[in-house]
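Values in this document were obtained by computation on a predicted structure and should not be read as measured data. Scope of the values below: all heavy atoms of this structure, side chains included, with no hydrogens, waters or symmetry mates.
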Amino acid sequence: MCVEMDQKSEKKDEFPPRTPWARLPTPLEKLERLSEDWGAEIWIKRDDQTGFEWSGNKVRKLEYLFHEAVAQGATCVATCGGIQSNHCRATAALAAKAGLRCILLLRGEEPKEWGSNYLLNQLFGAEIFYLTSEQYYEGMKDLRLLLEQQLKSQGGKLYFIPEGGSSATGVFGYAQAFRELEEQRAQLNLAPFDSHVVAHGSGGTLAGLVLGKLLSKKEGAPEIVGVNVCYEEAKSFQLVKDVLWAAIQKQNLGLSFFREDIRILNGYLGRGYALTTPSELKFYGTVAQREGVLLDPVYTGKAMLAIREELKKGGGILGKRILFWHTGGGFGLFKVPSADWQEGLRS
Ligand SMILES: Cc1ncc(COP(=O)(O)O)c(C=O)c1O
């Protein structure tokens, strides 16, 4: 079934302009010991190394979003997320770099302890507002308008970035990342991977990889697979579909896509978003000890666990040559209570 068809005839550049802030290309490496342990070739794309302050996947989207903000004359960027959002931390860091004011609308109560991403937001000088879930999920549009008016009355201009930077503009970050990966693969003379696996939250990363594949005009491998770690399956699919379509329209790309182009690997949410279990924490210890690679407990850990579990089940849905996108989030390791780590790592 064809999901959408873009019939606009006027062609623009494939990609909108961006400000190149991420440390690119990120390394592409084979995980030798995990490959041996799990009986498949596991490769890793180190997008946890796109920088330090703005480490992780978000900077790839923010390169496009900040460029657009500055081009529109913005004096302030605002965005939203959870108290420990990686996206908000990366936005605060880049706003400081760009010399823009940064407003963060965080879901939850003001924390008593300053730690991890939340501490870094304070260091970067972001102005923080705390929202109830109702304000966050139902009142965001009104809040955005209010902020826009306030900024205007002060002689400034607001650029609003939606959750996770997953907008039509932000999606191009991972379309470009797919292209970068393909160039590295060609340089190393590697065959295509059977699948790419990535943690999926607000949807822009998965949508970007799918767009990158569509733009490469190659059919078949790799399957682009998102492991939903924030939202249930149907919402996760819808988020990707909507933002992918918006990106295609934004640049008049003339592309169509199919339902099967967006693959959600469901079942790895565990106890829920940002919650852990002792066996998950033990698994992150195993990966750290076998490869010297740190996974984060909210996103990448669950996505890597999905690979191991699917390989154990043996259904072959990820194939035998798997690329894991490490999308960062390492500061989140320091938010897991130490008693939980002790229970997990000693079990
Ligand atoms: C470390 C990390 N990985 C993956 C994701 C998921 O990316 P997306 O929101 O684009 O689906 C996020 C989003 O917050 C993240 O912080």
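In this structure, the side chain to side chain contact (heavy atoms under 4.5 Å, CB included) partners of D47, at least two apart in sequence or on a different chain, are T26, K45, T50, R60, Y174, W325. Remark: E127 engages R101 in a salt bridge (Lys or Arg N to Asp or Glu O under 4.0 Å) (not counting sequence neighbours).
Between E233 atom CD and L269 atom CG the span is 11.5 Å, to the nearest 0.5 Å. Rounding to the nearest 0.5 angstrom, the gap separating the CD1 atom in I44 from the CG atom in L31 is 5.0 Å. Atom SG of C88 and atom CG of L120 lie 12.5 Å apart (nearest 0.5 Å). Distance CG/D261 to CZ/R259: 11.5 Å, rounded to 0.5 Å. Distance check, rounded to the nearest 0.5 Å: CG of L214 to CZ of F258 gives 10.0 Å. In this structure, the separation between CG on L143 and CE on M140 is 6.5 Å, given to the nearest 0.5 Å.
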Could you go step by step and tell me if R144 and E148 meet the salt bridge (Lys or Arg N to Asp or Glu O under 4.0 Å) rule? CA-CA 6 Å; R144 176 185 171 164; E148 264 166 18; 3.5 Å; yes
Could you check F160 against L105 for side chain to side chain contact (heavy atoms under 4.5 Å, CB included), going step by step and ending with a plain yes or no? CA-CA 11 Å; F160 188 84; L105 304 171; 4.1 Å; yes
Apply side chain to side chain donor-acceptor pair (under 3.5 Å) to Y268 and E310, showing your working. CA-CA 11 Å; Y268 295 97; E310 290 301 325; 2.7 Å; yes
Report the C-alpha separation of L100 and Y159 in whole Å, then their side-chain angles, then the decisive distance to 0.1 Å, and conclude whether the side chain to side chain contact (heavy atoms under 4.5 Å, CB included) test is met. CA-CA 10 Å; L100 297 179; Y159 182 87; over 6 Å; no
Could you walk me through whether I224 and R263 pass the side chain to side chain contact (heavy atoms under 4.5 Å, CB included) test, one step at a time? CA-CA 6 Å; I224 311 287; R263 296 222 6 227; over 6 Å; no
Start with the C-alpha distance between L323 and L28, add both sets of side-chain angles, then the distance that settles side chain to side chain contact (heavy atoms under 4.5 Å, CB included), and finish with yes or no. CA-CA 9 Å; L323 176 71; L28 169 65; 3.6 Å; yes
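Partner Y118 forms a side chain to side chain contact (heavy atoms under 4.5 Å, CB included) with one of R89, K335, E110, E113 and no other, that one being E110. Partner N86 forms a side chain to side chain donor-acceptor pair (under 3.5 Å) with one of N117, N57, T91 and no other, that one being N117. For the side chain to side chain contact (heavy atoms under 4.5 Å, CB included) with L265, the qualifying choice from N228, I317, V198 is I317, the only one to do so.
The closest side-chain heavy-atom distance from Q154 to T75 is not below 4.5 Å. F66 has its side chain out of reach of K97: every pair of non-hydrogen atoms, C-beta onward, lies at least 4.5 Å apart. Contact check for R179 versus E182: no side-chain heavy atoms found under the 4.5 Å cut-off. In this structure the side chain of L305 never reaches within 4.5 angstrom of the side chain of L295, judged on heavy atoms. In this structure the side chain of K58 reaches within 4.5 angstrom of the side chain of S202, judged on heavy atoms. Residues I83 and E109 have side chains not in contact (no heavy-atom distance under 4.5 Å, counting atoms from C-beta outward). Side chains of V298 and Y273 form a contact here, defined as non-hydrogen atoms less than 4.5 Å apart. Side-chain contact between Q176 and L24 is present, with heavy atoms from C-beta onward closer than 4.5 Å.
No single ILVMFWY cluster, assembled from side-chain heavy atoms under 4.5 Å apart, contains both V171 and I161. With hydrophobic clusters built from ILVMFWY side chains whose heavy atoms lie under 4.5 angstrom apart, F324 does not share a cluster with I264. Both V243 and I248 are assigned to one and the same hydrophobic cluster, defined by single-linkage of ILVMFWY side chains at heavy-atom distances under 4.5 Å. In the hydrophobic cluster analysis, where Ile, Leu, Val, Met, Phe, Trp and Tyr join through side-chain heavy atoms closer than 4.5 angstrom, V240 is grouped apart from V229. Following chains of ILVMFWY side-chain contacts shorter than 4.5 Å, one cannot reach Y299 starting from L206, and the two form parts of different hydrophobic clusters.
Distance alone, capped at 3.5 Å, places no donor-acceptor pair between the D194 side chain and the L318 backbone. With hydrogens and angles disregarded, a donor-acceptor distance shorter than 3.5 Å links the side chain of Q251 to the backbone of D13. Under a 3.5 Å cut-off, the side chain of W21 and the backbone N or O of G51 do not form any donor-acceptor pair. Remark: side-chain polar atoms of K282 are paired, donor with acceptor, to backbone N or O of S347 under 3.5 angstrom. Remark: the backbone N or O of E260 is not paired with any side-chain donor or acceptor of E223 at under 3.5 angstrom. A donor-acceptor pair under 3.5 Å links the side-chain atoms of H200 to the main chain of S236, judged by distance alone. The backbone N or O of L294 lies less than 3.5 Å from a partner atom in the side chain of H326, making a donor-acceptor pair. In this structure a side-chain-to-backbone donor-acceptor pair under 3.5 Å is missing from E280 to G301.
Under the 30°/60° scheme for interplanar angles, the aromatic rings of F172 and F15 are found to stand perpendicular. The aromatic rings of F257 and W245 sit tilted, their planes meeting at an angle between 30° and 60°.
Heavy-atom minimum distance, G165 versus K61: O-CD, 3.5 Å. Taking every heavy atom of both residues into account, K250 and P16 meet most closely at CE-CG, 4.2 Å. Of all heavy-atom pairs between I307 and W38, the closest is CG2-CZ3, 4.2 Å. Closest heavy-atom contact between D48 and G328: CB-CA, 3.6 Å. Of all non-hydrogen atoms in S167 and L65, the two that sit nearest each other are OG-CD2, 3.3 Å. Minimum heavy-atom separation, D340 to L281: O-CD1, 3.4 Å.
Taking the six-membered ring for Trp, F52 and F331 have ring centres closer than 6.0 Å.
Between the side chains of E68 and Y64, not a single donor N or O lies within less than 3.5 Å of an accepting N or O. Y231 and Q238 are not linked by any side-chain donor-acceptor pair at a separation below 3.5 angstrom, with hydrogens and angles left out of the test.
The list of side chain to side chain donor-acceptor pair (under 3.5 Å) pairs with a residue in residues 28-37, not counting sequence neighbours, reads D37-R290.
More than 12 heavy atoms of other residues, nucleotides or ligands sit less than 6.0 Å from atom CD of Q72.
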